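What you see is a predicted model; the values in this text were computed from it and never measured. Labels below follow one simple rule: chain letters A, B, ... track the order of the sequence lines, proteins then strands, and each chain is numbered from 1. Below, all heavy atoms of this structure are taken into account, side chains as well, without hydrogens, waters or symmetry copies.
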Protein chains: 6
Amino acid sequence: MRLFARILRPRLEATAHCDLPCGVYDPAQARIEAESVKAIQEKYQANEDPEFRSRAIEIKEQRADLVKHHLWVLWTDYFKPPHFEKYPELHDLFNKATKAAGAGGAKGSTDPATGQALLDYIAQIDKIFWETKAAA
Amino acid sequence: MRLFARILRPRLEATAHCDLPCGVYDPAQARIEAESVKAIQEKYQANEDPEFRSRAIEIKEQRADLVKHHLWVLWTDYFKPPHFEKYPELHDLFNKATKAAGAGGAKGSTDPATGQALLDYIAQIDKIFWETKAAA
Amino acid sequence: MRLFARILRPRLEATAHCDLPCGVYDPAQARIEAESVKAIQEKYQANEDPEFRSRAIEIKEQRADLVKHHLWVLWTDYFKPPHFEKYPELHDLFNKATKAAGAGGAKGSTDPATGQALLDYIAQIDKIFWETKAAA
Amino acid sequence: MRLFARILRPRLEATAHCDLPCGVYDPAQARIEAESVKAIQEKYQANEDPEFRSRAIEIKEQRADLVKHHLWVLWTDYFKPPHFEKYPELHDLFNKATKAAGAGGAKGSTDPATGQALLDYIAQIDKIFWETKAAA
Amino acid sequence: MRLFARILRPRLEATAHCDLPCGVYDPAQARIEAESVKAIQEKYQANEDPEFRSRAIEIKEQRADLVKHHLWVLWTDYFKPPHFEKYPELHDLFNKATKAAGAGGAKGSTDPATGQALLDYIAQIDKIFWETKAAA
Amino acid sequence: MRLFARILRPRLEATAHCDLPCGVYDPAQARIEAESVKAIQEKYQANEDPEFRSRAIEIKEQRADLVKHHLWVLWTDYFKPPHFEKYPELHDLFNKATKAAGAGGAKGSTDPATGQALLDYIAQIDKIFWETKAAA
């Protein structure tokens, strides 16, 4: 059913995210950066060259910051009081997800498991996001 | 009493905010930008020159974004689960404060009352912040 | 068939885009910003308030810059010489697409038709992108 | 006396810093970032993990850049010719302070003494700043 | 001989400017942005379309910020105490030049004369810069 | 003699680069950053201090990004269809030049030869750029 819903939602329909607001939001923005974080961690583990590792750590830092930013935008700009009433776990979920992108999570670690944990949180947010879009 | 407490809190003790983390956080960062937002709104109201007004709107946009950013950092990086347990209103307070800096608040309006409302939210966060620092 | 392929391509497989490189790229990043550009143009046309319009123009400027950036990253970092051999129109397509995001296109205009033209270019790039991924 | 002066200067009066100008300036912005620089240096000395150290150096780089930026804004935007007449050492003080945040100072070193030297320069600027505010 | 070298020195010999430091500095960076500021002012005067004018003001704001940034970098990172001894007017010149890029100058005005005044200051700095390079 | 040299190196003719567009473009912007990249690589090779090397890699990353950005702006904003007709190699040249600034080139390497290769590409672009300006 979910896959079916996805077919019907053409890729170009999605999104909205600036704070005019334009009304276009899409958790894909956070997810893509988090995919990058995890991929960097995997490449880091597979390559012991110190120059490569320095670059990897620095780039991962930026990508993790972008994950946080995209999640914060969703939390503040997209989600409204009725959403928080319907999904009382939402505040906590976003707080954990952004922390998972931070120093105690994927930003402060080169273990791909932390990148995956971050992706898992984003998947939970993504699920709720599309439920609210479907209900709108 | 509050003033007295402030005397005893030397200015240089404050702060901490990057996500190493360095441990330095200070709601003053959000407050200063919010002061700027309100001051820009007041200057906007007092000056009908269209060039000045264009500049004011554009600069306020950036300052409001900075308010959001500094508040998000506090919410995700400084505050920890025990804080959220002790102050159950904290998630909602941060969500309202960042919304008050957004399109439905001081970013989308040139009315200084919206800038003041934003400052009031930040003052509430500031109060809780220093209570948690005092309790640490 | 294309829809079917899309079903089998789970959303989390996508993307790669930093220049470590992490190997994650996704034209969705450019598309989401372009959706925003077009949505802003539509809202601009529907709202004559000068403050709103000033904000709209400024925000559209930034979003159009992001479109360009995401497209440039694909053109330089993702696409390789064999791709340019197989798709000889690719250089010109990217040049036109980024120009369509610029002053002579959606950045310099508030007509939603320019936003749509930009989206159409991105859809062409998206199609080629996924063909190269499928062929990899 | 200084503490007393601080009581009379309510916290919310402070600040002003964008170049509308909004009229809000506060050396606290530079100081908070410099506190961060010094805290990072201390954490660097206490932690030999190479990944942590890479992150520390990269983050310190950014924080030191922010110190410079906030100081430059004060020097160019807040201070006016009459201030430079009254405090003839001010140009040199700002030049030394920003250099102390640079490659020859706290940016190029992990020794917390360089972070403290930077804070000392900022304290001198802060003192003059509040004198000029009191005299205004 | 050196002059001759300069003629033959194709434009590619010049400059260095990051704060590693890499040792590459060039006032051309500030000048190019200032040229842009003045060109924007001229286009603004020649075009009364309100959308164009909104864009012009916003873009000029950014370009003027870049001028300031490039000048600050020269003042703090390139110029050393012996330079300030030899050119005692240098502090004041930089302060005036950066102010000329600010709200009281080319940033706060659409009059091309303010853009030209900014270019004149930069030309003075450029002259001293190359004298110090020749003397090094 | 020196003045004469300066005449031959016309300073103010150059430039144009924002996307108003202001009409000011200058390959010097890309070249200066690329000079910085190469200088950083040379300093990296001459200094084995791990802190210095971490800083060098991080700063080079940013400078290489700026090279790419300035080249992309020229390719999309300055060059027009008639230029691409007259110089059919131009698309490929820009693609190679930006790749030479990326992970497979000067960004991913500390070998100054990669910095020089990048400068050589920029010199080719610079030559064509000035030919088109002369023909305009």
Visitor: Counting only non-hydrogen atoms closer than 4.5 Å, does B:Leu20 touch chain D with its backbone (N, CA, C, O), its side chain (CB onward), both, or neither?
Guide: both
Visitor: Could you verify whether a donor N or O on one side chain and an acceptor N or O on the other, from D:Gln62 and D:Glu58, lie under 3.5 Å apart?
Guide: yes
Visitor: Are side-chain N/O atoms of B:Thr132 and B:Tyr87 paired as donor and acceptor at under 3.5 Å?
Guide: no
Visitor: Tell me the residues of residues 38-55 of chain D whose non-hydrogen atoms fall below 4.5 Å from those of chain B, in number order.
Guide: D:Ala39, D:Ile40, D:Lys43, D:Phe52, D:Arg55
Visitor: I'd like to check the salt bridge (charged side-chain N to carboxylate O under 4.0 Å, His left out) partners of B:Lys60; sequence neighbours left out, ordered by chain and number.
Guide: none
Visitor: One pair to check against salt bridge (Lys or Arg N to Asp or Glu O under 4.0 Å): B:Glu131 and B:Lys127. What are the steps and the verdict?
Guide: CA-CA 6 Å; B:Glu131 284 176 9; B:Lys127 183 170 172 294; 3.0 Å; yes
Visitor: Quick one: do the B:Asp120 and B:Gln116 side chains pair a donor with an acceptor below 3.5 Å?
Guide: yes
Visitor: Tell me, do B:Lys107 and B:Glu61 make a side-chain contact under 4.5 Å, heavy atoms counted?
Guide: yes
